[in-house]
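Proteins come first, then strands; the chains are lettered A, B, ... in the order of their sequence lines, and each starts at number 1.
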Amino acid sequence: MEKAYDPKQVEQRWYQTWVERGYFHASATGPGSPYAIVMPPPNITGSLHMGHALNNTLQDILIRWRRMQGRNTLWVPGTDHAGIATQNVVEKQLLAEGTTRDKLGRDRFIQKVWEWKAQSGGAIIEQLKRLGSSCDWDRLRFTMDEGLSKAVREVFVRLYEDGLIYRGERLINWCPRCLTALSDIEVEHEDATGKLYHIRYPLADDRSTPLTVATTRPETLLGDTGVAVHPEDPRYNRFIGKRVKLPLTRRLIPVVGDSILVDREFGTGAVKITPAHDFNDFEAGLRHNLPRLALIDQQARLDPAGLRDAQVDDALQERLASKPVREARALVVDALEKGGFLAKVEDHPMALGKCYRCKTVVEPYLSPQWFVKIQPLAEPAIKAVESAQIRLIPAQWTNNYLAWMRDIKDWCISRQIWWGHQIPAWYCVNCGRDTGTLLEAPKSFTLTAEAKPLVARHAPSHCPDCGHHQLVRDPDVLDTWFSSALWPFSTLGWPDETPELKTFYPTSTLVTGFDILFFWVARMIMMGLKFMGQEPFRDVYIHALVRDAEGQKMSKSKGNVIDPLEVMDKYGTDALRFTLAAMASPGRDIKLSEERIEGYRNFANKLWNAARFILMHREGPRADAPVAERPVTDRWILSRLHRCIGEVNASLEAYRFDEAANTLYQFIWHEYCDWYVELVKPALADKASRQAAPTRTTLIESFETLLRLLHPFMPFITEEIWQALPHKGESIMIAPYPTPNPALINDSIETEIASVTSVVSAVRNIRGSQGIPSSRQLHAAVATPAETFKNTLKTHHNLIASIAGISDLAIDTDVKPYPHSASSSVVFPGGGVGIIYVDLAGLIDVEKEKTRIEKRLKELAAQIEQTEKKLSNPHFVAKVPPDVLKKTKARHEECRAEHEKLTGELRRLRAMSGGAG
RNA sequence: GGGCGGAUAGCUCAGCUGGUCAGAGCGCUGCCCUUACAAGGCAGAGGUCACAGGUUCGACCCCUGUUCCGCCUACCA
C-alpha cells in the first residue's frame with residue numbers, strides 16, 4: 001500500500017465495478033422490504049453544484065445504508081426538461097448560429113432541443129456518478145420521456161374532467177423577456193427603493209378641485225378606468241359617484257368607494273384603478289364593473305393600439321408608442337409635471353417582482369391561461385401532513401408548509417414556450433371562426449378566452465359539435481413543475497399498473513432542499529394523493545443551502561462558487577461527501593470552507609494508514625477465541641465499537657447525518673487509532689506473547705466492521721481497504737451493515753481501560769509541561785488507597801509502562817516521592833483518587849511544576865465551593881433525585897481528596913525550591 | 001405587516017425530555033521526524049453560553065421582554 005491515500009486511483013475503478021456487477025440495480029421482486037427514493041431530477045441544463053452534491057450525498061448515504069441492511073433498495077435517477085431554462089439555452093445557441101426559433105418553426109426547434117439534449121444534457125448524470133451515487137441507472141428517467149409524457153396527458157385530462165383544470169382570462173405574472181406566463185411562486189420579490197408619485201386628477205364638473213392619488217407606477221395611469229376612495233373617509237366620500245378627468249387623456253373616469261382596495265392611512269387615501277395591469281385593481285375592477293384597458297404589450301412596451309383605445313393625448317401617444325415601460329414612465333412623469341398634475345414625488349420602499357429564471361421585472365398581464373383549481377387538491381395534502389402520514393424533517397418546516405397550503409392560490413400551468421409538454425387541448429377551426437374565438441393570422445392564430453377546448457388523451461379526429469376535421473392544438477406547454485409533480489409515480493410506470501409501482505410506491509424518503517418545498521414537494525403530495533390515493537413518500541428530509549465560508553449564497557457572478565468537481569479532484573470524493581454529511585446540521589445552512597474539506601481528506605488518510613498498520617501485522621497466527629477469552633484491550637475496543645455502531649445507526653434513523661459522521665470521526669480517530677492501536681502495539685511487537693494471536697483477530701475483525709459502518713459515507717476508500725483485508729463477500733457495498741451487539745458492551749472493562757489511559761495521560765501531561773521528549777524513558781510511581789484502582793493498574797503494569805515510556809513503574813497504596821519528582825493527581829473513573837510521581841532528576845523545572853499544580857488547585861477549589869454550596873442547601877438535599885445527590889457527593893469527595901494530595905505536593909515543591917534557592 | 005430560524009471558544013458548529021469543571025472540528029501555542037500516518041503524534045491556551053428579568057434547590061436548556069442577523073411570506077397603491 002502507498003504511504004498516502006490516493007483517491008484518483010481508486011474511485012473510478014470501483015464505481016465501474018459496482019455498475020458492471022449490477023449492485024445498483026433494484027428488482028420489484030427482490031428480497032427484503034422495499035426502500036425507495038426518487039432523486040430530485042436536476043435540470044438537463046445544469047452542471048453539478050454543491051447543492052446537488054449535498055442532496056445526492058445524503059441520498060446515497062441513506063440508500064447504501066439501507067441496502068447493506070438488506071432492504072430491497074431502489075434509487076431512481078433522472079433529469080428534468082426545465083422548460084424555460086432549456087429553451088433559453090438553446091435559443092442562445094441558435095442566436096450564435098445566426099438564426100432564431102421563429103425562423104426555424106416549432107417542430108424544427110424542438111428537434112434542435114432534443115439534439116442539444118443528446119449532446120450536452122447528460123453531463124450532470126456523469127457528474128453524479130463521480131460522486132459515487134448508487135442509483136439504478138437502468139431506470140434513468142427524463143420528464144419528457146414517452147412514458148412520463150403519457151402520465152402528464154393522463155393527469156391533465158383527468159383533472160380537466162374532474163373540473164380541476166380550467167381555462168380563463170386572468171391577470172397573471174408575465175415575464176417580458178421569456179415571453180411567458182409564470183406561476184405566483186416563480187416570481188421572486190426583491191426589495192427596492194421606488195418612488196411614490198402624487199398625481200392630481202381634476203373633478204370633471206369642477207376642474208379646480210383635484211382628487212390626488214398616489215402611485216408607484218405613473219405610466220399605468222393611462223389605463224386607469226376608475227379612482228377609489230374609502231367610503232367612510234370624510235375627506236373624499238362626497239366624491240363617490242362623480243367623475244374625474246384622467247390627466248393626459250380625453251377620458252372621464254368614475255370615483256368609486258372601495259373599502260378593500262383603499263387604505264386611508266396610506267398615500268393620499270385615494271387610489272387609481274388600472275384593472276388590466278395590477279392584481280388588486282383587477283379585483284376592484286370586477287367589483288365595480290370597470291372596463292379593462294390593456295396598454296402594455298408582451299415585451300413590456302406601450303402598445304400603440306392600447307394607447308389609442310385609452311384616448312391618450314395624440315402628441316403623447318406618438319412619443320410613447322412602443323416605448324419600454326421604464327422610458328415611458330419618465331415621459332409620463334414629465335408630461336404630468338408640465339401639465340401641472342404632479343403634486344409630489346417621494347422615495348418609497350417597495351418589493352419588485354422578478355422572474356426567477358432571468359431576473360427580469362415581471363408585468364401583471366391579462367391573458368387567457370390554463371389553471372389548476374388547487375383547493376380541492378390541497379385539502380388532502382394538508383391532512384396528510386397534519387396527521388403525520390407524511391413527516392417533514394426537521395419538523396419546523398411543517399408550519400411553513402401548512403401555512404402555504406392553507407392559503408394556496410390557483411396554479412397557472414400554461415407557458416407560452418415551445419419546449420415542454422404541449423397542452424392536450426384542441427380547438428375546432430370551423431367553430432372558432434364562427435364564434436370569433438379563433439382569430440387567424442397569416443402564420444398563426446390566437447385563441448380568445450372564450451375558445452372552446454377539446455381536451456383529450458390523443459388528438460381528436462373531428463369536432464364533436466360540427467364534425468369538421470380541421471382542428472388546431474393549443475400552442476401552450478405545461479409548467480415544468482406539472483410533470484415533476486408526478487415524478488414519484490410516473491417514474492415507476494404510472495398510469496400502467498407496473499410491479500415497480502406496486503412494490504416501491506409510496507416511496508420511503510424524499511431528500512430535497514427547502515427552496516423547492518412549494519414548487520415541488522407540495523405538488524407531488526397533492527398529485528400523489530389524487531392519483532395514487534396514497535402519499536408519494538413517508539419522510540421528507542429537508543436540507544439546507546450550501547453557502548460559502550462567509551455565509552454568502554454561492555453564485556457565478558459573485559465568483560465564490562466552490563465547484564464540487566474541483567474539490568473531488570483535489571481532495572477526493574470521500575472527503576467531500578464526509579464534509580457535507582458532517583456539516584448537515586438540521587435547520588442550518590452549510591458554510592462550506594476548503595479547510596474543512598481538507599480536514600476530512602486527512603481523516604481518510606488516517607484511515608488509510610491505520611489499514612496499513614493492520615495489514616502490516618496481518619501475518620502470524622490468529623486465534624478465533626470467544627470474545628470472553630480475548631485480552632481486555634480487545635474486549636474494550638469491541639465494547640466501544642458496538643456503542644459506536646448503536647449510535648451511528650440511531651443517528652441515521654433520525655436523519656442526523658452530522659451526528660453519525662461526527663461519531664464515526666471521533667471513534668475512528670480518537671479511540672480506535674489514538675488508543676486501541678497504541679494499546680495493542682506491545683502485544684503485537686512480542687510475537688511470542690499469548691495475546692498476539694487473539695489481538696490480531698480482533699484488530700482485523702473490528703477494523704473490518706468499522707469499514708462497513710463507514711461505507712455509506714466514504715464508499716470508495718472503504719471498499720479499497722476492505723478488499724485488501726480478510727473479508728466475506730464480493731463487495732463491501734453489499735456486505736451487511738453492522739448492528740450493535742449489547743452482549744459486547746461492557747461498562748466495567750471500559751472503566752478499567754479508562755483508568756489505564758488516565759494514568760498514561762497524566763504522565764504525558766507532565767512530559768508536556770516539562771518539555772521532556774517522549775523518547776526519554778522515565779521512572780514513575782503511583783500511589784492510591786483505592787484497592788480496585790490499584791489492582792487494575794497492577795494488572796496493566798506492563799502496558800502502562802510501555803505506552804507511557806516508563807522503564808520503572810511502582811504501584812502501591814503508598815509510595816515515596818522521588819527527590820526531584822513532578823506529580824499529578826489521577827482520578828479513577830470508577831471512584832477513587834491517586835497520585836503519580838515521575839522522577840525528573842536533573843530535568844525538572846520546579847517553577848513550571850508549581851504553576852501547573854497551582855492552576856489545578858484553583859480549579860479544584862472552585863469546584864469544591866460549588867458542590868459544597870449545593871450540599872449545604874437543605875432544599876437541594878431534600879428535593880434532588882437520589883442519583884444526582886450521590887454523584888454530587890462523590891464529586892465533592894473526589895475533589896477534596898485530589899485537592900489534599902496536590903496541596904501536599906505543592907508544599908513539598910515549595911520546600912524543595914526554598915531549600916535549593 | 002405576518003411567520004420561522006439563529007446569536008455558545010479566534011472561525012464553523014454540537015449540546016437529546018433543565019442535574020457530574022459547557023463539547024467537537026479547524027485555527028492558535030509548546031514539545032516531538034516514537035518503526036501506520038508530518039495530510040502525523042503528545043500536551044496546552046482559549047467561553048460571565050447576545051442582553052435584561054422571571055420560574056426552579058438547580059437554567060446554555062423553560063417563560064417574558066430587548067437588541068442584532070438570516071430566511072420565507074405578503075396587494076399597503
Side-chain angles (χ1 to χ4, degrees), chain A residues 1 3-5 189 196-197 213-217 228 260-263 265-268 270-274 278-283 348 350-351 394 396-397 399-400 403-404 407 514-515 517-518 544-545 549 551 571 582-583 585 587-593 595-596 598-617 654 656 658-659 662 665-666 670 673-674 677-678 681 685 761 764-775 805 852 859-860 862-863 866-867 870 873-881 883-888 890-892 894-895:
Chain A
M1 275 173 99
K3 205 171 167 184
Y5 174 58
H189 294 273
L196 191 64
Y197 300 85
V213 303
T215 180
T216 55
R217 300 198 58 189
I260 298 172
L261 184 67
V262 180
D263 174 358
E265 312 297 316
F266 186 86
T268 60
V271 189
K272 62 196 246 354
I273 305 176
T274 323
D278 182 280
F279 291 99
N280 296 313
D281 294 5
F282 180 83
E283 299 293 328
H348 178 63
M350 51 188 280
Q396 292 98 285
W397 288 105
N399 276 340
N400 251 321
W404 188 75
D407 192 33
F514 65 80
D515 49 331
L517 183 61
F518 304 143
L545 237 56
Y571 300 104
M583 296 186 82
S585 310
R588 222 182 245 261
D589 283 346
I590 294 179
K591 290 185 196 165
L592 192 65
S593 69
E595 292 83 57
R596 197 70 189 262
E598 196 183 342
Y600 291 117
R601 187 270 315 262
N602 297 351
F603 174 60
N605 194 49
K606 185 77 183 175
L607 188 76
W608 182 257
N609 277 289
R612 287 179 64 215
F613 173 82
I614 290 164
L615 288 168
M616 207 173 271
H617 292 89
R656 288 299 304 266
D658 59 327
E659 236 176 49
N662 287 324
Y665 182 97
Q666 204 61 25
H670 297 302
C673 293
D674 285 354
V677 169
E678 294 306 318
K681 277 179 180 173
S761 294
R764 286 172 176 172
N765 188 317
I766 290 168
R767 275 187 201 274
S769 60
Q770 292 285 338
I772 297 161
S774 46
S775 51
R852 195 172 58 84
E859 282 169 12
L860 286 168
Q863 187 63 18
Q866 201 182 322
T867 43
K870 279 185 182 173
N873 182 342
H875 295 291
F876 178 80
V877 180
K879 289 189 184 176
V880 91
D883 60 312
V884 175
L885 183 62
K886 210 175 122 194
K887 275 184 191 166
T888 311
R891 178 86 203 128
H892 185 66
E894 232 165 47
C895 289

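- Nucleotide B:G53 forms a Watson-Crick or G-U wobble pair with B:C63, both donor-acceptor distances falling under 3.5 Å.
- Using P as the reference atom, B:C33 and B:G15 are 41 Å apart when rounded to the nearest Å.
- Aromatic pair A:F266/A:H348: centroids less than 6.0 angstrom apart.
- Shown here, B:G47 forms no base pair; nothing in the strands shown gives a Watson-Crick or G-U wobble contact with both key distances under 3.5 Å.
- For B:G40, neither phosphate oxygen OP1 nor OP2 lies less than 4.0 angstrom from any side-chain nitrogen or oxygen of A:R601.
- Here A:L517 lies out of heavy-atom contact (under 4.0 Å) with every strand.
- Using P as the reference atom, B:A14 and B:U73 are 24 Å apart when rounded to the nearest Å.
- Ranked by how close their nearest RNA chain B nucleotide is to the 5' end, A:Y5 and A:Q866 are led by A:Q866.
- Taking the side chain of A:S585 as heavy atoms from C-beta on, and the options B:G19, B:A43, B:C13, the nearest nucleotide is B:C13.
- Counting any heavy atom pair closer than 4.0 Å across all strands shown, A:R852 reaches no nucleic acid atom.
- Looking only at distances, no side-chain donor or acceptor of A:R852 sits under 3.5 Å from a matching main-chain atom of A:S769.
- As judged by a 4.0 angstrom heavy-atom cut-off over every strand, A:Q666 is placed among residues touching the sugar-phosphate backbone only.
- Considering only side-chain N and O atoms, A:H670 lies nowhere under 4.0 angstrom from the phosphate OP1 or OP2 of B:A24.
- To the nearest angstrom, P of B:C37 lies 12 Å from CE of A:M1.
- Checked by atom type, the side-chain pair A:K886/A:T888 shows no donor-acceptor distance below 3.5 Å.
- Rounding to whole angstrom units, CG of residue A:D278 and C1' of B:A77 are separated by 7 Å.
- Between A:Y197 and A:R217 there is no side-chain heavy-atom pair separated by less than 4.5 Å.
- Between B:U35 and B:G46, the distance separating the two C1' atoms is 36 Å to the nearest Å.
- Under the Watson-Crick and G-U wobble criteria, each requiring two contacts below 3.5 Å, nucleotide B:G40 is paired to B:C32.
- Closest to the side chain of A:N605, from the set B:A24, B:C37, B:C72, is B:C37.
- Among the atoms of the strands shown, base atoms are found under 4.0 Å from some heavy atom of A:A4.
- Here A:K591 reaches the OP1 or OP2 of B:C13: one of its side-chain N or O atoms lies under 4.0 Å away.
- Across all strands, A:F279 comes closer than 4.0 Å to no nucleic acid atom at all (heavy-atom distances).
- Summarising the geometry, the separation between CZ on A:R656 and P on B:C13 is reported as 14 Å, rounded to the nearest angstrom.
- The closest donor-acceptor contact from the side chain of A:D589 to the backbone of A:A544 lies at 3.5 Å or more, if one exists at all.
- In this structure, A:L607 places its CG atom 18 Å from P of B:A39, rounding to the nearest Å.
- Across the C1' atoms, B:G58 and B:A43 are found 35 Å apart, a figure rounded to whole Å.
- For A:A214, whose side chain is taken as the heavy atoms from C-beta onward, the closest listed nucleotide among B:C72, B:A77, B:C37 is B:A77.
- In this structure, A:P881 reaches the bases: a heavy-atom distance under 4.0 Å links it to at least one base atom across the strands shown.
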Show the numbers, then the answer: is there a side chain to side chain contact (heavy atoms under 4.5 Å, CB included) between A:K681 and A:V677? CA-CA 6 Å; A:K681 277 179 180 173; A:V677 169; 4.1 Å; yes
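- Nucleotide B:U20: unpaired (no Watson-Crick or G-U wobble partner with both distances less than 3.5 Å).
- Between A:T216 and A:I590, the residue anchored nearer the 5' end of RNA chain B, judged by the nucleotide with its closest heavy atom, is A:I590.
- When the P atom of B:A14 is taken as reference, atom CG of A:D658 falls 7 Å away, rounded to whole Å.
- Using C1' as the reference atom, B:G44 and B:A50 are 29 Å apart when rounded to the nearest Å.
- With rounding to whole Å, A:E598 atom CD is found 15 Å from B:C11 atom C1'.
- A straight line from CD of A:Q396 to P of B:G6 spans 7 Å, rounded to a whole angstrom.
- Remark: side-chain polar atoms of A:N662 are paired, donor with acceptor, to backbone N or O of A:D658 under 3.5 angstrom.
- Between the side chain of A:N609 and the main chain of A:N605, a donor-acceptor pair closer than 3.5 Å is present.
- Across all strands shown, B:G27 remains unpaired; no Watson-Crick or G-U wobble contact has both distances below 3.5 Å.
- Straight-line distance between the P atoms of B:A59 and B:C51: roughly 15 Å, to the nearest whole Å.
- The interatomic distance linking A:L615 (CG) with B:C37 (C1') rounds to 14 Å, in whole Å.
- Between A:F603 and A:Y665, the angle of the ring planes lies from 30° to 60°, which puts this pair in the tilted group.
- Comparing B:G47 with B:U55, their P atoms sit 31 Å apart, to the nearest whole Å.
- The side chain of A:N765 places an N or O atom within less than 4.0 Å of a non-bridging phosphate oxygen (OP1 or OP2) of B:G44.
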When you check every protein heavy atom under 4.0 Å of nucleotides 26-36 of chain B, what one-letter string (B, S, -) results, 5' to 3'? S-----S-B-B
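- For B:G70, the paired base is B:C4 (Watson-Crick or G-U wobble, both distances below 3.5 Å).
- With both ends at atom P, the span from B:U8 to B:G54 equals 24 Å, rounded to whole Å.
- Proximity of A:R612 to A:K3: side-chain heavy atoms (C-beta onward) are separated by under 4.5 Å at one or more points.
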